[in-house]
Amino acid sequence: MPKVVVVAMSGGVDSSVAAALLKEEGYQVVGVTMQIWPSEEPVGNERGFGSCCGIGAIVDARRVAQGLDIPHYVMNFREVFARKVIADFCREYRRGRTPNPCIRCNQHVKFGALLQRAKGLGAEYLATGHYARIEQVDERYVLRKGIDSAKDQSYALYTMTQDELKRTLMPLGNLTKKRVRQIAQEFNLPVAEKAESQEVCFISDNDYPGFLESYMMAKPGPIMDRKGNFLGEHRGIIHYTVGQRRGLGISAGEPLYVLAIDPDRNAVVVGSRSEVYGDELVAAEVNWISIEKPTQPIAVEAKIRYLHKQAEALVTPLGNGKADVRFEQPQMAITPGQAVVFYQGDAVVGGGTIVKSAGVHGTI
């Protein structure tokens, strides 16, 4: 009896190829598209849900499923998405942080709610089109980078648990994006040439402030330097993030960068380029993947955002799921709310959410 695998089908080329490859391998494939947008309105509504989760995704995923001769279902995950992704996104900005909603979606929706639904359907596995690899080493499952360095998505998967890794298949981890396109053409998939979406799925045109202002009021406040000197007025802290240089609306003798956002004072703190560099951070909600929680400091290469170049660092576990991360060289714009992910070689050791950073000039 073939093993049953539920494939999360977004209507894009990656998840479609994942489904095609798994069927070719002999799995009993069931396609599922998650309904996560908070209304019945079609693409183009005021919330602007995009190509990976709008009505168009259902149409494309269904066409692929029909071509592969596999069943396809649409399942409602609107409540968990609204609560765990959208509400968290807004809450973090209100706290002066810059969150990564794709990580929360992976954690709570794909490998949380959808995986549980797949188990309920009797499926042994959940499969996705992520560019990452899962390998079993002795008794432990290890998350590794995808071989296509330009597409590697392991950074956004650091929250996965051992049970989730055990029950997840990622068929694209050993493929390049170019090869995935070729495979889509070989299978005559109707989405073979479909463009990729580079936006957060629930925000139209990457208009973060516009989206946030529909949920909360943007209250003006002071822009100040590290000493507390008033330099100007900002439009609301939701318009700013650490490291930002453009759009500050103030003039100075040198370019100024956002160093910190202080929600208690509703203030944006700015300074010189050298001041935006930091060499230490504290991460919370740390998840250890390829190893058990260490009891001593460990050397890693750490990424402080998706497109950040890995940097050598020493991670010291703290209590309450926290860790201190000290870099050998200062890093630009360590941003609270973003994830810091630890690597040893191509394996994800673990990661957490940045809650505090210290600059080379001291804590702000």
Side-chain angles (χ1 to χ4, degrees), residues 88-101 103-104 107 155-156 158-159 221-228 234 237-245 256-288 293-343 348-364:
D88 175 81
F89 182 82
C90 296
R91 182 169 54 249
E92 287 292 277
Y93 265 98
R94 194 177 290 116
R95 298 170 70 183
R97 299 178 180 177
T98 305
N100 187 320
I103 291 175
R104 293 292 168 253
Q107 179 182 12
Y155 171 87
Y158 80 88
T159 62
I223 299 176
M224 58 181 62
D225 63 19
R226 290 168 56 90
K227 297 180 180 180
H234 65 71
I237 61 174
I238 62 175
H239 291 269
Y240 304 88
T241 187
V242 172
Q244 179 177 333
R245 181 171 70 87
L256 295 177
Y257 297 76
V258 174
L259 306 181
I261 297 170
D262 186 341
D264 293 334
R265 294 185 293 175
N266 190 35
V268 173
V269 182
V270 299
S272 66
R273 179 180 174 84
S274 66
E275 291 177 294
V276 83
Y277 280 82
D279 55 9
E280 188 175 7
L281 64 84
V282 173
E285 299 178 322
V286 174
N287 182 52
W288 300 98
K293 178 183 176 181
T295 58
Q296 299 294 325
I298 62 170
V300 302
E301 290 188 322
K303 291 181 69 171
I304 57 174
R305 53 188 159 268
Y306 177 59
L307 296 178
H308 180 254
K309 184 179 179 181
Q310 291 176 202
E312 294 182 354
L314 188 69
V315 180
T316 302
L318 305 173
N320 300 319
K322 294 183 178 181
D324 177 85
V325 182
R326 184 179 291 273
F327 293 92
E328 288 195 6
Q329 299 294 328
Q331 305 298 306
M332 185 175 182
I334 299 174
T335 306
Q338 289 287 291
V340 57
V341 179
F342 318 135
Y343 291 86
V348 178
V349 176
T353 301
I354 300 169
V355 294
K356 185 170 68 173
S357 65
V360 293
H361 296 276
T363 302
I364 297 172

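A pairwise comparison of heavy atoms in Pro222 and Met224 identifies CG-CE, 3.8 Å as the closest pair. Considering every non-hydrogen atom in both Ala267 and His234, the closest pair reads CA-NE2, 4.0 Å. Closest of all the heavy-atom pairs between Val340 and Ala283 is CG1-CB, 3.7 Å.
If you take OG on Ser274 and CE on Met332, they are separated by 10.5 Å, rounding to the nearest 0.5 Å. The OH atom of Tyr343 lies 16.0 Å from the CD atom of Glu312; values are rounded to the nearest 0.5 Å. The CD1 atom of Ile261 sits 10.5 Å away from atom CG of Asn266, with the distance rounded to the nearest 0.5 Å. Atom-to-atom distance recorded for Thr316:OG1 and Gln296:CD is 9.0 Å, nearest 0.5 angstrom. To the nearest 0.5 Å, atom CG of residue Asp225 and atom CD1 of residue Ile223 are 11.5 Å apart. The structure places CG of Asp324 at 8.5 Å from CG of Leu314, a figure rounded to the nearest 0.5 Å.
Side-chain N or O atoms of Thr335 include one that pairs as donor or acceptor with a backbone N or O of Ala333 at under 3.5 Å. Judged by distance alone, the side chain of Asp88 and the main-chain N or O of Pro101 form no donor-acceptor pair under 3.5 Å.
In this structure, Tyr306 and Tyr155 have tilted ring planes: the angle between them lies in the 30° to 60° band.
Applying the 6.0 Å contact sphere to CD of Glu285 captures no more than 12 heavy atoms from other residues, nucleotides or ligands.
Looking at heavy atoms from C-beta onward, Ile354 lies in side-chain contact with Ile334 at the 4.5 angstrom threshold. The shortest distance between side-chain heavy atoms of Arg97 and Val355 falls below 4.5 Å. Inter-residue side-chain proximity for Pro317 and Lys293 is flagged as met; some heavy-atom pair is nearer than 4.5 Å. Residues Val348 and Phe342 have side chains not in contact (no heavy-atom distance under 4.5 Å, counting atoms from C-beta outward). The shortest side-chain heavy-atom distance between Gln338 and Ile304 does not fall under the 4.5 Å cut-off.
When only modelled atom types and interatomic distance are considered, His308 and Gln331 share a side-chain donor-acceptor pair under 3.5 Å.
With sequence neighbours left out, Gln244 forms a side-chain hydrogen bond (donor to acceptor under 3.5 Å, both in side chains) with no residue at all. Residues passing the ring pair (Phe, Tyr, Trp, His ring centres under 6.0 Å) test with Tyr93, sequence neighbours excluded: Phe89. For Arg305, there are no side-chain hydrogen bond (donor to acceptor under 3.5 Å, both in side chains) partners two or more places apart in sequence or in a different chain.
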